[in-house]
Amino acid sequence: MSEVLDPPRAAAQAGTPIIELRGISKRFATSLDFAGKLAKKLGAKVREDVVHAVDGVDLQVRKGEVVGLVGESGCGKSTLGRMVAGIMPPSAGTVLWHGRDLKSLSAAEARQAKLRTQMIFQDPYASLNPRLQVQEIVGEAPQVHGLVPRGGLETYVDEQLRRAGLDPALKRRYPHQFSGGQRQRIGIARALAVQPDFLVCDEAVAALDVSIQAQILNLFMKLRRELDLTYLFISHDLGVVEHLSDRVVIMYLGRVVEEAPAEEVFARPNHPYTRALLAEVPRIEARKRAFAGVKGEIPSPLNPPSGCHFHPRCPFAMERCKAERPALREIAPGHRSACHLNDAA
Amino acid sequence: MTPPTLQVRNLRTHFFTRAGVVKAVDDVSFTVDRGKVLGLVGESGSGKSVTGFSILGLVDPPGRIAGGQILFKGQDLAGLSEEAMRQLRGNRIAMIFQDPMMTLNPVLRIDTQMIETVLAHEKVSREEARQRARDALGQVGIPSPEERLRAYPHQFSGGMRQRVAIAIALLHKPDLIVADEPTTALDVTIQGQILAEAQKLCADFGTALIWITHDLSVVAGLADDIAVMYAGKVVEQGPVTQVLDQPLHPYTVGLIGSVPSRNKRGEPLRQIPGMTPSLLNLPAGCAFRARCPRAEARCAEPPPMAEYRPGRHARCIHPYEEAVAA
């Protein structure tokens with residue numbers, strides 16, 4: 001298998017990034033209701049609540065690469081995925097698509113960019129229109145965008161379904177007539193029908209049973225080889241990410257805390273959060289072990305801690321961690337970590 | 001000799017639907033001893049949750065227990081009246097659900113709910129009940145329990161809510177807790193905390209614990225014994241180390257093989273082909289037959305549960321004899 005995987009890895013070293021994020025931030029503000037606005041006008045101290053879902057993230061995804069994006073709920077990984085997929089505009093920062101700023105693209109080019117980046121969602125049922133037949137779900141976009149000749153649509157849809165491991169004979173059925181794994185295959189067929197080169201998978205296997213999850217992961221790997229795809233694979237499941245990714249990016253509360261090649265991150269985690277995360281992953285090899293748990297809760301993104309966001313839970317926190325935000329710095333080739341401890345050493 | 005905390009014998013829970021009889025639990029047997037953890041593992045629709053509900057007498061029509069015994073400290077729960085069951089449920093036997101909001105009432109304060117639970121089974125003063133509630137919250141690692149008692153469920157995070165649900169389950173120091181996927185919805189670091197609480201609980205109070213989950217990795221670290229369910233039946237059971245290192249049933253072998261960390265990075269995962277059959281029209285004989293690499297003509301006969309090694313049972317006529325390579 002490794003000889004099949006090698007070419008995309010080699011390309012990953014050389015190629016220009018498919019997508020590059022520079023200082024991307026996303027803020028969500030809850031707008032004040034009428035009473036709030038009135039109170040503010042009268043001089044009361046009411047403020048809009050602002051959530052920094054993503055806070056100054058730099059990220060590159062090179063051609064042919066599988067980047068795993070890991071983090072716990074509320075860390076902003078899905079929001080980041082949506083901005084990468086171009087379905088949510090960032091509040092600040094620039095997104096470069098094949099080296100060009102997304103905002104500077106002409107309308108036609110922007111449409112191209114959107115088509116060539118597709119997204120696969122966690123809940124295949126919620127992301128499929130329940131009132132459309134599978135052939136419409138998969139065939140609609142390629143038809144609208146003129147990717148198939150008139151009259152060729154049926155064979156094209158059959159081909160897409162077969163590639164995703166579905167029997168084309170089922171194409172007149174509706175989503176509710178399929179099992180969870182099959183629905184996810186429909187979602188994959190739909191995404192691939194517009195011939196993308198980059199897929200953003202947001203927890204794409206999280207809702208599936210173990211045996212079905214393995215089938216879908218194998219499908220992702222097969223499609224990667226066949227179609228030379230690039231993935232941003234968002235997941236909270238470190239086992240899945242370790243298996244699939246070339247490079248792993250770990251987020252905590254809207255920021256990237258560590259980024260490294262997959263082997264490196266699992267062999268030599270640097271950031272205390274990454275280490276805690278890896279220690280807590282239940283492993284089938286570990287028997288009757290003592291679970292310890294990182295102390296404390298994941299803080300609210302409404303009111304994140306000062307300095308390093310992880311400091312209230314970090315066993316190595318120093319005075320400096322409370323005051324100063326650590327920068328993401330290279331500590332080994334290709335391995336970056338945002339921790340003040342690296343300066344002390 | 002005192003009887004084990006829980007002994008389930010040939011339990012059958014069937015749902016009599018208009019489309020036919022769904023045998024959600026079909027001839028399930030297992031035993032859990034004091035202070036031990038049984039991991040009940042299976043995929044969706046395997047009957048693992050219905051087994052849990054059956055033990056607590058929480059199966060709603062059209063479902064009912066169609067046969068078998070649920071011996072709780074020697075007493076059969078299956079034949080117990082609703083009133084007698086009420087005395088046990090929440091008192092000697094408790095359940096923790098995947099979604100803590102199934103336990104918690106969203107419009108009542110935590111203290112109201114917890115005090116009510118205490119008073120339902122014991123004649124103590126309100127003040128004492130409150131004290132007990134506060135201690136239980138402290139026990140599951142909730143900081144400043146006195147203040148948190150006055151909060152409403154929505155003011156807690158998901159992990160904290162699950163802790164409150166566990167604290168409520170603990171109020172009467174039950175002999176048996178059935179936990180149905182209690183950490184599935186939680187983050188990894190929070191899951192670690194909850195698993196630590198569960199371990200402490202079994203060690204401190206001798207509570208027997210049934211941990212229902214689809215995640216073999218969680219069970220590997222937590223359980224003493226493991227029972228693997230498929231299509232309403234236990235297909236394999238035994239001590240956790242033996243089942244995971246030397247699985248007998250092809251389904252268990254397939255499940256373990258599907259775990260990403262058991263495979264070489266980047267290589268295709270060893271997947272089980274096909275999907276779980278509908279319980280409404282199960283194939284005759286072994287339900288796993290259609291997906292099994294070892295299936296043969298004899299599998300059309302229902303395979304009996306057999307003991308292949310001491311303490312190691314499997315429902316298969318051609319089990320894997322050799323240890324499976326990691």
Side-chain angles (χ1 to χ4, degrees), chain A residues 1-2 4-5 9 66 70-75 179-182 208-219 221-222 236-246 262-263 266 273 276-298 300 313, chain B residues 37 41-46 141 143 157-160 183 185-199 214-224 240-241 244-245 251 254-276 291 326:
Chain A
M1 270 309 132
S2 60
V4 197
L5 280 179
R9 270 193 198 154
V66 178
V70 186
E72 298 184 280
S73 43
C75 74
S179 69
Q182 283 175 317
L208 305 175
D209 270 322
V210 193
S211 71
I212 308 300
Q213 176 178 308
Q215 292 176 1
I216 300 295
L217 288 175
N218 283 348
L219 176 65
M221 287 193 276
K222 186 185 93 157
H236 70 282
D237 187 332
L238 284 158
V240 168
V241 165
E242 178 177 16
H243 189 77
L244 215 66
S245 313
D246 301 318
E263 285 106 345
F266 288 95
Y273 175 64
L277 205 58
L278 288 180
E280 282 321 307
V281 178
R283 298 229 168 228
I284 195 164
E285 293 80 14
R287 299 298 144 67
K288 225 25 193 168
R289 53 172 287 213
F291 290 95
V294 196
K295 62 175 188 203
E297 289 277 292
I298 303 167
S300 157
R313 303 176 74 191
Chain B
V37 184
V41 182
E43 297 184 275
S44 27
S46 62
S157 66
M160 278 296 167
T183 60
L186 302 178
D187 283 311
V188 182
T189 55
I190 308 300
Q191 167 172 284
Q193 296 171 351
I194 299 286
L195 291 175
E197 298 301 338
Q199 283 179 328
H214 68 279
D215 192 340
L216 277 174
S217 317
V218 168
V219 165
L222 182 73
D224 300 286
V240 83
T241 313
L244 293 180
D245 289 343
Y251 176 62
L255 264 192
I256 296 171
S258 312
V259 175
S261 70
R262 272 292 168 108
N263 288 266
K264 201 155 174 275
R265 235 174 61 80
E267 287 196 4
L269 298 164
R270 283 168 284 179
Q271 64 185 42
I272 305 175
M275 48 187 181
T276 38
R291 305 172 75 185

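Sequence lines set the chain letters: A, B, ... in the order given, protein chains first and strands last, and positions in each chain run from 1. What you see below is based on every heavy atom in this structure, not just the backbone, and it leaves out hydrogens, waters and symmetry mates.
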### Task
Check whether any side-chain heavy atom of S258(B) sits under 4.5 Å from a side-chain heavy atom of L269(B), and report yes or no.
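Side-chain contact under 4.5 Å: no.
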### Query
Is there side-chain contact between L216(B) and L255(B), with at least one heavy-atom pair below 4.5 Å?
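With C-beta onward as the side chain, the pair touches.
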### Message
At a 4.5 Å cut-off on heavy atoms, which part of E197(B) comes close to chain A: side chain, backbone, both, or neither?
### Response
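It is neither, since no heavy atom gets under 4.5 Å.
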### Query
Measuring heavy-atom distances to chain B, does S179(A) have an atom under 4.5 Å in its side chain, in its backbone, in both, or in neither?
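The side chain, not the backbone.
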#### Entry: For chain A, the option from I272(B), I194(B), V259(B) that forms the most heavy-atom pairs under 4.5 Å
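When all of I272(B), I194(B), V259(B) are compared, I272(B) has the most.
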### Query
Hey, which of G42(B), S44(B), G254(B) has the most heavy atom pairs under 4.5 Å with chain A?
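Most heavy-atom pairs within the cutoff with chain A belong to S44(B).
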### Task
Taking side-chain contact (heavy atoms from CB on, under 4.5 Å) as the test, write out the residues that go with T241(B), two or more places apart.
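With sequence neighbours excluded, T241(B) shows a side-chain contact (heavy atoms from CB on, under 4.5 Å) to R287(A), D245(B), given in chain and number order.
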### Message
Test of understanding: with side-chain contact (heavy atoms from CB on, under 4.5 Å), list the residues that count as partners of V70(A), not counting sequence neighbours.
### Response
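For V70(A) the side-chain contact (heavy atoms from CB on, under 4.5 Å) partners, ignoring immediate neighbours, are L238(A), V241(A), V248(A), I250(A), L277(A).
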### Query
Is the side chain of E43(B) donor-acceptor paired with the backbone N or O of S211(A) at a distance under 3.5 Å, no angle test?
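Yes; judged by distance alone, with no hydrogens or angles, the pair exists.
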### Contact winner vs chain B - K222(A), E242(A), Q182(A), Q213(A), heavy-atom pairs under 4.5 Å
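Answer, by heavy-atom pair count under 4.5 Å with chain B: E242(A).
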